[in-house]
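Working notes for the structure below.
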Amino acid sequence: MKFLLDTHLLLWAAGSPRRLSAQARKLLGDTDHQLFFSSASLWEIAIKRGLGRDDFQVEPGLLRRGLLDNGYQELPISGVHALAIEALPAIHKDPFDRMLVSQALTEGFTLLTSDPAVARYPGPIRLV
């Protein structure tokens, strides 16, 4: 199965794995699964780190390198992903989360999230 991780799950997996639920740890540890991160997550981290947010203090370049070194695959943002956002219901206002939902739907991946609002979107989204 192909999983796209939301930004907080990426941050927790890389720096605070104890914050991950048991279900998330099990899914991420299963070598039969392909794990992806979005370039939108790196963008989000760079922006929110620049704003001084305490929960976004990791250096995005180091995070990217660590994810790639640990077998994660990067999913770039495409025009198709951007256009698909228009069809999403207005459940969540965060543009980064909306991009992740759009990417998961477009690519046929399951989005893993810790955000109950994101999990309300229809489609392959799993709250962990």
Quiz item: Are any non-hydrogen side-chain atoms of P89 and Y121 less than 4.5 angstrom apart?
Solution: yes
Quiz item: Going from CZ on R53 to CD1 on I45, what distance comes out if it is rounded to the nearest 0.5 angstrom?
Solution: 11.0 Å
Quiz item: With the 4.5 Å side-chain cut-off for hydrophobic clustering, are L62 and L10 part of the same group?
Solution: no
Self-check item: Rounded distance [0.5 Å steps], CD1 in I85 versus OG in S102
Solution: 5.0 Å
Quiz item: Does S16 use its side chain to pair, donor to acceptor, with the backbone of R18 at less than 3.5 Å?
Solution: no
Self-check item: Verdict with supporting geometry, L112 and L127, side chain to side chain contact (heavy atoms under 4.5 Å, CB included)
Solution: CA-CA 6 Å; L112 298 180; L127 184 65; over 6 Å; no
Quiz item: Do K2 and E107 meet the salt-bridge criterion of a basic N to acidic O distance under 4.0 Å?
Solution: no
Practice problem: Tell me whether F56 is reachable from W43 by hopping between hydrophobic residues (I, L, V, M, F, W, Y) whose side-chain heavy atoms are closer than 4.5 Å. | Solution: no
Quiz item: Do D94 and K48 sit within salt-bridge range, that is, some charged N less than 4.0 Å from a carboxylate O?
Solution: yes
Quiz item: When clusters are formed by joining ILVMFWY residues with side-chain heavy atoms under 4.5 Å apart, either directly or through shared neighbours, do V58 and L42 land in the same one?
Solution: yes
Quiz item: Looking at S38 and Q103, what are the two nearest heavy atoms and their distance?
Solution: OG-OE1, 2.5 Å
Quiz item: Which heavy atom of R126 sits nearest a heavy atom of L27, and at what distance?
Solution: NH1-CD2, 3.8 Å
Practice problem: First locate atom NE2 of H92, then atom CG of D97, and finally report the distance between them rounded to the nearest 0.5 Å. | Solution: 4.0 Å
Exercise. Answer with yes or no after comparing the ring centroid distance for F109 and F36 against a 6.0 Å cut-off, counting only values under it.
Key: yes
Quiz item: Taking all non-hydrogen atoms of both residues, which atom of A24 and which atom of V128 are closest, and how far apart?
Solution: CB-CG2, 3.8 Å
Quiz item: Are the side chains of L4 and L75 in touch, meaning some heavy atoms are under 4.5 Å apart?
Solution: yes
Self-check item: Sub-4.5 Å side-chain heavy-atom contact between L35 and Q73
Solution: no
Quiz item: Is any side-chain heavy atom of D55 less than 4.5 Å from a side-chain heavy atom of L11?
Solution: no
Quiz item: Looking only at heavy atoms, what is the nearest atom pair of L5 and L111, with distance?
Solution: C-CD1, 4.2 Å
Quiz item: Applying the side chain to side chain contact (heavy atoms under 4.5 Å, CB included) test to F37, which of T7, L63, L68 qualifies?
Solution: L68
Quiz item: Measuring from R120:CZ to T113:OG1, what's the distance to the nearest 0.5 Å?
Solution: 12.5 Å
Quiz item: Tell me, do L9 and F3 make a side-chain contact under 4.5 Å, heavy atoms counted?
Solution: no
Quiz item: Does L88 belong to the same Ile/Leu/Val/Met/Phe/Trp/Tyr cluster as V80, with side-chain heavy atoms less than 4.5 Å apart forming each link?
Solution: no
Quiz prompt | Which atom of I91 lies closest to which atom of R98, heavy atoms considered | solution = N-NH1, 4.4 Å
Quiz item: Between L83 and V101, is there a shared hydrophobic cluster once you connect ILVMFWY residues whose side-chain heavy atoms come closer than 4.5 Å?
Solution: no
Exercise. Kindly give the heavy-atom pair with the smallest separation between A13 and L20, and that separation in Å.
Key: CA-CD1, 3.8 Å
Quiz item: Could you give the distance from NE2 (H81) to OG (S39), rounded to the nearest 0.5 Å?
Solution: 9.0 Å
Quiz item: Under 4.0 Å between a Lys/Arg side-chain N and an Asp/Glu carboxylate O for K26 and D30?
Solution: no
Quiz item: So R49 and E59, side chain to side chain contact (heavy atoms under 4.5 Å, CB included) or not? Walk me through it.
Solution: CA-CA 8 Å; R49 181 175 187 241; E59 199 281 308; 3.8 Å; yes
Quiz item: Passes side chain to side chain contact (heavy atoms under 4.5 Å, CB included), M1 versus D32? Steps please.
Solution: CA-CA 7 Å; M1 183 166 265; D32 288 337; over 6 Å; no
Self-check item: Side-chain heavy atoms of D6 within contact of V118, under 4.5 Å
Solution: no
